[in-house]
Amino acid sequence: MPELPEVEVTRRGIVSHLEGHHFVGATLRNPSLRWPVPHDLGHTLRGLKINAVTRRGKYLLFDCGNGTLILHLGMSGSLRLLPAATPPQKHDHVDLILDTGMILRFKDPRRFGAVLWATGDVTHHALLAQLGPEPLTEAFDGRLLYERTRGRRASIKDVLMNSRIVVGIGNIYANEALFSTGISPLTPAGRISMRRYEKLAQAIKETLNLSIEAGGSSLRDFVNSDGSPGYFQQQYWVYQRNGQPCRKCGTAIEQTRQGQRSSFYCPHCQR
DNA sequence: AATCTTTCCTGCCGGC
DNA sequence: TGCCGGCAGGAAAGAT
């Protein structure tokens, strides 16, 4: 499922095919995603120049000057650049048609993704206005985590996955970064020291950057291929390794539940 | 066939 | 009392 690295790899894979070009329309086969795709999206986009393709958290933003196309991959979404005549397959819900003879095709079997149109300053859009800082910028560091968790009883894992505190950290990278720092996912966030938060923030940046680099190596396969960033075989330290030996100490990895999500951790390495 | 997956939203709770 | 932020739980759809 797409987390921040997958979204960023997708962005890098499509950006040179979009920026400076124009939309000529859109094809909506199934507009019922997380929210309805605007029925007149094709008319809205017609003739608009794509000035920039950026990312905010896990949202992709297509800046068209007087408006912005907002796209979220949800749990199962993917984007592919294809020749305009390519026949659609199952779950290919939306095509964004370009003036280059190519289309940007959105596939999303579970339909938790989103394709929306926003006018005005997109940073004020309801989906974006409340988001915390980007984890790969200087605005995110141990001090921010420390200050925003004073008095909080929620677990550190829940805090890392709270997009109001920091964006883009999903279940996989929350588990992996906590292992890397030796912090139990169950630890109350308000009881973690500044020193440990500085290590945790660094681990988050390193974990995300490594995944982006791994995905970047397969970028050439993005166009006219299966569209997957191609690094989902990545080796994890703890994620989905319950019952298997810890790669550092050999202790069996444990699985527990926080909210409705699974946490994986080494009971020896993480305290 | 129940379970698993992510994100946003709703509503409850305790504190002031 | 009423408001607030924090926090838990629910819903969406499809694969297995």
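Note that the structure is predicted; figures quoted are calculated from it, not measured. Note on naming: letters A, B, ... go to the chains in the order of the sequence lines (proteins, then strands), and numbering restarts at 1 for each one.
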> Is there a donor and acceptor pair, one atom on the side chain of A:Arg110 and one on the base of B:dT5, closer than 3.5 Å?
Replying inline: yes
> Taking only residues two or more places apart in sequence or in another chain, which ones pass side-chain hydrogen bond (donor to acceptor under 3.5 Å, both in side chains) with A:Thr123?
Replying inline: A:Asp121
> Taking NZ from A:Lys58 and P from B:dT6, how many angstroms apart are they, rounded to a whole number?
Replying inline: 8 Å
>> Donor-acceptor check, side chain of A:Gln255 to backbone of A:Ser262, threshold 3.5 angstrom: yes or no?
In response: no
>> Distance check needed: B:dT5 C1' versus A:Phe112 CZ, whole Å only.
In response: 8 Å
> What integer distance in Å separates A:Leu4:CG from B:dT6:C1'?
Replying inline: 14 Å
> What integer distance in Å separates A:Gln258:CD from B:dT6:P?
Replying inline: 13 Å
> By a strict heavy-atom criterion of less than 4.0 Å, which residues belonging to residues 142-152 of chain A are in contact with DNA chain C?
Replying inline: A:Arg152
> Do the side-chain N and O atoms of A:Thr207 and A:Glu176 include a donor-acceptor pair separated by under 3.5 angstrom?
Replying inline: no
> Between the main-chain N or O of A:Gly42 and the side-chain N or O of A:Arg46, is there a donor-acceptor pair closer than 3.5 Å?
Replying inline: no
> Mind checking what makes ring-ring contact (aromatic ring centres under 6.0 Å, His included) contact with A:Phe62, not counting sequence neighbours?
Replying inline: none
Hey, what are the protein-to-nucleotides 8-12 of chain B N/O distances that come in under 3.5 Å?
unit_1, atom_1, unit_2, atom_2, d
B:dC8, OP1, A:Tyr59, OH, 2.0
B:dC8, O4', A:Arg34, NH2, 2.6

> Which residues within residues 115-125 of chain A lie with some heavy atom under 4.0 Å of an atom in DNA chain B?
Replying inline: none
> Looking at A:Thr187, A:Asn171, A:Leu186, which hits side chain to side chain contact (heavy atoms under 4.5 Å, CB included) with A:Lys157?
Replying inline: A:Asn171
> For A:Tyr197, which residues count as a ring-ring contact (aromatic ring centres under 6.0 Å, His included) partner, sequence neighbours excluded?
Replying inline: none
> Going by side-chain heavy atoms closer than 4.5 Å, which hydrophobic residues are tied to A:Leu116, directly or by a chain of links?
Replying inline: A:Trp35, A:Tyr59, A:Leu61, A:Ile70, A:Val122, A:Leu127, A:Leu128, A:Leu131, A:Val167
>> Within this structure, what is the CE-CG distance for the pair A:Met102 and A:Leu96, rounded to the nearest 0.5 Å?
In response: 13.0 Å
> Is there a donor-acceptor contact under 3.5 Å from the side chain of A:Lys107 to the main chain of A:Lys90?
Replying inline: yes
> Of all residues at least two apart in sequence or in a different chain, which pass the salt bridge (Lys or Arg N to Asp or Glu O under 4.0 Å) check with A:Arg11?
Replying inline: A:Glu8
> Are the side chain of A:Arg241 and the backbone N or O of A:Gly243 linked by a donor-acceptor pair below 3.5 Å?
Replying inline: no
> Sequence neighbours excluded, which residues qualify as salt bridge (Lys or Arg N to Asp or Glu O under 4.0 Å) partners of A:Arg29?
Replying inline: A:Asp95
> Does anyone know the first and last nucleotide of DNA chain C in reach of chain A, 5' to 3', at under 4.0 angstrom to a heavy atom?
Replying inline: C:dG6 to C:dA15
>> What does the 5'-to-3' dot-bracket notation of DNA chain C look like when only Watson-Crick and G-U wobble pairs under 3.5 Å count, and pairs to other strands show as |?
In response: .|||||||||||||||
>> Using a 3.5 Å distance criterion without hydrogens, assess whether the side chain of A:Asp108 forms a donor-acceptor pair with backbone atoms of A:Phe112.
In response: yes
> For A:Arg143, what residues pass the salt bridge (Lys or Arg N to Asp or Glu O under 4.0 Å) criterion, not counting sequence neighbours?
Replying inline: A:Glu147
